[in-house]
Amino acid sequence: MVRRTDWPLPPPDDGRPPFGGGPEDGAADEGYGPEAEDPDGYGGPGHSDRSGRGGASRRGRSRGRREPSEDRVRETSLSPEERARAICLRLLTGSPRTRKQLADALAKREVDADVAEAVLDRLEAAGLIDDAAFAGAWVESRHHGRGLARRALARELRTRGVAATVVDEAVSRLDSDTEEETARELVARKLRATRGLDRDKRIRRLAGMLARRGYGEGLAIRVVREALEAEGEDAEDLPAD
């Protein structure tokens with residue numbers, strides 16, 4: 001029997017956006033938690049049909065059980081290096097990942113640390129892992145898509161294992177003027193929903209929305225103050241900065 005030694009090809013470009021939605025994209029003001037991921041690329045264990053029909057035969061119930069994934073079965077015939085690479089490529093096909101995210105997925109699958117390191121080095125050399133490109137795309141996507149400020153973006157990147165120097169470089173591309181303009185747009189969109197509330201409650205709600213997106217207290221208060229004054233609300237006792 002001839003053993004296959006060729007490594008799998010890189011994942012195809014399927015045209016999907018670089019970052020899919022996760023739990024943190026579901027609600028506008030729910031903060032920033034890590035994405036819900038299936039690092040193995042598999043669903044849950046198989047289960048039987050629980051339709052509750054009386055007299056169902058054993059054979060009928062067995063049809064509801066989920067068969068093992070073809071990918072998982074095929075993994076058993078691969079060398080440790082091939083298996084580690086296949087796991088990484090499957091994850092990268094779904095969405096971009098940082099080196100740390102892939103390393104964590106391999107560790108969860110009990111891939112030998114030396115094997116994992118070697119495979120990750122090869123993927124990085126081939127350009128399939130690029131934390132700097134990941135961080136830059138993340139900042140662009142999350143700022144324009146969610147209106148997150150530099151502080152929140154840096155926190156998200158750190159939780160994904162991006163090095164501090166890479167994080168600093170990525171968020172530095174977002175300048176203060178752009179950040180302030182985005183804060184004003186966020187308040188303008190939220191302002192109508194707060195009408196009818198007393199002034200202090202409106203201030204807390206609007207400033208809190210900006211704070212959850214990583215904007216500093218001084219900027220948040222100033223932007224909210226100016227928005228309320230433009231609407232005719234008395235905000236003279238609020239600090240200007």
Side-chain angles (χ1 to χ4, degrees), residues 16-37 95-98 100-101 130-241:
R16 284 181 285 181
F19 303 105
E24 57 201 349
D25 294 308
D29 299 328
E30 293 302 323
Y32 340 94
E35 298 171 355
E37 300 179 42
S95 65
R97 308 289 176 123
T98 65
K100 176 66 164 52
Q101 287 176 312
D130 188 339
D131 282 4
F134 177 97
W138 186 270
V139 168
E140 179 76 12
S141 172
R142 298 289 283 169
H143 177 72
H144 290 292
R146 286 284 313 260
L148 300 188
R150 286 171 290 189
R151 184 167 59 184
L153 293 166
R155 181 163 59 244
E156 289 188 336
L157 289 170
R158 285 194 297 268
T159 64
R160 285 157 179 78
V162 179
T165 55
V166 177
V167 171
D168 292 343
E169 171 65 24
V171 299
S172 69
R173 301 172 192 170
L174 182 62
D175 60 59
S176 299
D177 290 341
T178 301
E179 197 172 64
E180 183 167 337
E181 181 181 350
T182 302
R184 295 183 190 282
E185 292 172 356
L186 290 169
V187 170
R189 291 203 299 266
K190 190 79 170 179
L191 200 61
R192 180 178 297 180
T194 66
R195 288 174 186 163
L197 301 175
D198 66 70
R199 192 199 69 156
D200 289 345
K201 184 173 289 187
R202 295 185 80 187
I203 292 168
R204 286 196 302 272
R205 185 162 296 184
L206 293 168
M209 176 269 295
L210 291 178
R212 285 190 292 275
R213 284 172 165 80
Y215 293 90
E217 181 181 3
L219 172 62
I221 291 296
R222 184 174 75 252
V223 169
V224 170
R225 178 180 184 271
E226 293 173 357
L228 292 178
E229 286 179 339
E231 199 179 51
E233 184 83 56
D234 180 14
E236 290 183 358
D237 56 336
L238 288 178
D241 204 337

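Keep in mind the model is a prediction, meaning the values are calculated, not measured.
- Residues that satisfy the side chain to side chain donor-acceptor pair (under 3.5 Å) test with Glu231, not counting sequence neighbours, are Arg195, Arg202.
- In this structure, CZ on Arg160 lies 3.5 Å from CH2 on Trp138, to the nearest 0.5 angstrom.
- Proximity of a side-chain donor or acceptor of Thr98 to a complementary backbone N or O of Gly161 within less than 3.5 Å is not detected.
- Looking at Arg151, its side chain does come within 3.5 Å of a backbone N or O of Tyr215 through a donor-acceptor pair.
- One distance of note links CZ of Arg184 with CD of Glu226; it measures 4.5 Å at 0.5 Å rounding.
- Summarising the geometry of Val171 relative to Ala154, their closest heavy-atom pair is CG1-N, 4.0 Å, with the distance given to 0.1 Å.
- Listed for the Glu179 side chain is a donor-acceptor partner under 3.5 Å among the backbone atoms of Arg150.
- Atom-to-atom distance recorded for Gln101:CD and Asp131:CG is 8.5 Å, nearest 0.5 angstrom.
- Residues Leu210 and Leu219 fail the side-chain proximity criterion, which asks for heavy atoms closer than 4.5 Å.
- No side-chain heavy atom of Leu206 sits under 4.5 Å from any side-chain heavy atom of Leu186.
- Considering only heavy atoms from C-beta on, Arg213 stays 4.5 Å or farther from Thr182 through its side chain.
- Of all heavy-atom pairs spanning Gly214 and Ala152, the tightest one is CA-CB, 3.9 Å.
- Annotation: the span from Asp175 atom CG to Glu180 atom CD amounts to 10.5 Å, rounded to 0.5 Å.
- Between the NE2 atom of His144 and the CG atom of Leu174 there is a distance of 7.5 Å, given to the nearest 0.5 Å.
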task = Starting from the C-alpha separation in whole Å, work towards a yes-or-no answer on side-chain contact (heavy atoms from CB on, under 4.5 Å) for Val187 and Met209.
result = CA-CA 8 Å; Val187 170; Met209 176 269 295; 4.3 Å; yes
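- For the pair Arg173 and Val139, the minimum side-chain heavy-atom distance is 4.5 Å or more.
- Among all heavy-atom pairs drawn from Ala135 and Val162, the shortest one is CB-CG1, 4.3 Å.
- Nearest approach of Ala207 to Val224, heavy atoms of both residues: N-CG2, 3.9 Å.
- Annotation: the span from Arg225 atom CZ to Ile203 atom CD1 amounts to 10.5 Å, rounded to 0.5 Å.
- Of all heavy-atom pairs spanning Asp198 and Lys201, the tightest one is OD1-N, 2.9 Å.
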